[in-house]
2 protein chains.
Amino acid sequence: MSSPAWTIQKKRDGEELSSAEIHAFIKGLATGDVADYQATAFLMAVFFRGMSLGETVALTEAMLASGERYDLSSISGPKIDKHSTGGVGDKVSLILAPLAAACGLKVPMMSGRGLGHSGGTLDKLESIQNFDVRLSRERFEEELKLIGCSMIGQSATIAPADKKLYALRDVTATVECIPLIVASILSKKIAEGSDALVFDVKVGSGAFMKTRESALKLGRTLSQVSKKMGLKARVLLTDMNQPLGYAVGNSLEMIESIQVLRDQTPDELASGDLKELTIQLCAQMLELGGLARNTVDGRKLAHSKLTNGSAWKVFEEMVRFQGGSIEQIRNTALLPKTSKTVQWKAKKRGFIAKINTEAVGRLLVELGGGRKQAADTIDPAVGLVFHRKLGAKVANGEPIVTAHIPENADKTRLFELEAMFQGAVEISRARKPVPKLIIELF
Amino acid sequence: MSSPAWTIQKKRDGEELSSAEIHAFIKGLATGDVADYQATAFLMAVFFRGMSLGETVALTEAMLASGERYDLSSISGPKIDKHSTGGVGDKVSLILAPLAAACGLKVPMMSGRGLGHSGGTLDKLESIQNFDVRLSRERFEEELKLIGCSMIGQSATIAPADKKLYALRDVTATVECIPLIVASILSKKIAEGSDALVFDVKVGSGAFMKTRESALKLGRTLSQVSKKMGLKARVLLTDMNQPLGYAVGNSLEMIESIQVLRDQTPDELASGDLKELTIQLCAQMLELGGLARNTVDGRKLAHSKLTNGSAWKVFEEMVRFQGGSIEQIRNTALLPKTSKTVQWKAKKRGFIAKINTEAVGRLLVELGGGRKQAADTIDPAVGLVFHRKLGAKVANGEPIVTAHIPENADKTRLFELEAMFQGAVEISRARKPVPKLIIELF
């Protein structure tokens, strides 16, 4: 039996693979010694059999070793990044990167695009005209030195084995598998040159992990593998049973983020959870980086840099450095917007009891603001603004959201879209407890 | 999610696939709508989740539908074939096909080549000079009409989906999976045009199925799926804890078969189990085909046709029809033989208690008489003649086998080969019970 087939069989039979076997398998993907059809059989065997901590570390190392690893040691200051497992309305990075930089950290942030119900930071950034997410390594490092943060896409030279495996996982039902998820996240995050990582593991109806148990397992594995690979790590399990903040949609989320950065959120819109989570994450990063003695001090520092305009100033500098339109971020009315909006209203009085948040994410895709397939183009302007979220009291006929809809949506289409929305929201007579924002921290 | 990915996910999650989903997936393999890397992820998911009877029937139908299906209804008489799951020294087909034909059945037999430790009927037939196993469909049918049996290789037009899947299974550790094995066997066997099938499911150290439980499961599934697809079926579970008959090796097995067909087995060599199993299988075929009221009558008929020379006459006619050398089969000294032989002897006195029969099969591969890979060429002359089998009393230094060895085997090599052999044979002080030849019949 060939050596890749033997590796597959060992995994299939539940034996532990050696580090050398995993490295050879991943290396073989690039050299052609391991065929794609062998990789996918292996992935499915891993789906069923799992991987030990040691195997997951080896897989992460092997995928990391398949590409370039940035060395940021010449840049002074603690290099710390945050990774979110993805959700709906999760625009934290847009605020957190400049905020952490304003507090003195270096934030080398490489992000992805939205796919399926989950949004992507790059798409949100690109709602700003000419914002360039494809900087060279030199420009990336220069920006980190000068400004303290840089927000770019993953370069093609980083973890090519992960790119290949991820594309295969996507079409073979092997995405939902913790060791594969962990190795994919960490091989990329470690390659970008951070010293420490803070993970925001989402749990709930809009998250990849629907249960606390699976999210905990993912969070623990992320933490353990990071530490084995020499990085400090902190994990927050946070609620994703409703969109974060009030906006869902690329340009709308950019506007909300700018409002938070300028401390100018309109009274009638709720960005409280977004602000709270961002400050919490920043406090963890500051403590990890040694710029705060503890997270209480970290919170104070983050709060002051957010409210005194320092974070906004870093954001402006970053947008300028990356070629984006300063006019648009100063006057958000200039950001992409739809010409049509419509309000979707409560069908009865009561309390908002449940939001199927994944369905909200899919509704954004239906509006044209997200992707079904990686090659799809998106409309940055469309989306939803939530006037009421979980626990809110609503009167019959009271608007729950304002939908920013595409020009070409006719009556039938609008009817379908609203039906999707109404199906995602549950109104109950009695008020139900609202899930805690931060569920666990370790 | 694409439709193949969805099918994979359903199977991964243990849901039952519909017949339409399975047909679409197998059809997609040919059209390119299903990529090889999706096929292998699917196969691994089936390995872990199994398949229901309905799913296995649908998979068999779909693979059958991927190619040509012979219609032998214009040929008079019951068309019945035998399939063995493969073993060591299993030359039953060489005797059974002409014997069953001599009894009045039509035997449309398509066979395979040896791979790994297990031998193949085509290789044994080709030890006869010019024997042609690649007949056209017309010649195959003509031979069935004229002679009553035809022994050929599987044509490329039969079950191409199975060929593709089998090649993928072979390199992705997804061979050992009962629904996949059953669909692979049956799609080919049903395509050849039989009305009924007799399965010889081997169990033991030289068989694919090492345990009675797994062999039973395979046998039951073969029987159930055959019946669902409109064929009569009979299953024998038979012992493969030692080679069948005395010879292992292509030309040597042809010689043993000819001796049985001519009722001329040398007194000092034991073909009893081979003869018994052949007659049993023939009796089952005769009963299934309605040419015997019961298997007792079937045995009688088979026995008489074997001992009165009728089976031998059919064999001669078949060899002539398929272009093989009549001189060689009449005078087996003309069949391929090595110039060197060596005897491997008992290292102590006692009783032969165990034969690692798979190791014997691998030893044949080492001698050059079998294949590690499908593309390997083989030496028909090499092999082993067993003088003593399970239960036999041996004196210290008494020959157990005569090894027919390749010309170029030097002393070191011979030492290695004998060590392999000695490692495969266990001699005990007390006699151990010999496994029953026919374990189960249903």
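Naming: A, B, ... by sequence-line order, numbering from 1 per chain.
- The minimum heavy-atom distance linking B:Arg12 with A:Ala173 is given by the pair NH1-O, 2.8 Å.
- Closest of all the heavy-atom pairs between A:Val171 and B:Ile8 is O-CD1, 3.9 Å.
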Worked verdict on A:Phe48 versus B:Phe48 for ring-ring contact (aromatic ring centres under 6.0 Å, His included) = CA-CA 7 Å; A:Phe48 281 98; B:Phe48 281 97; 4.5 Å; yes

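- Using a 4.5 Å heavy-atom threshold, the side chains of B:Gln38 and A:Thr40 count as separate.
- With values rounded to the nearest 0.5 angstrom, A:Leu43 atom CG is found 12.5 Å from B:Tyr37 atom OH.
- Within 6.0 Å of atom NZ in B:Lys354, 12 or fewer heavy atoms from other residues, nucleotides or ligands are found, so the atom counts as exposed in its surroundings.
- Using a 4.5 Å cut-off between heavy atoms, A:Phe42 makes no contact with chain B at all.
- The candidate with the highest count of non-hydrogen atom pairs below 4.5 Å against chain A, out of B:Lys10, B:Lys11, B:Met44, is B:Met44.
- Counting non-hydrogen atoms of other residues, nucleotides and ligands closer than 6.0 Å to NZ of B:Lys27 gives a total of 12 or fewer.
- In the displayed structure, B:Lys217 atom NZ is contacted under 6.0 Å by at most 12 heavy atoms of other residues, nucleotides or ligands.
- The part of B:Leu168 that comes within reach of chain A is its side chain, from C-beta onward, which places non-hydrogen atoms under 4.5 angstrom from that chain.
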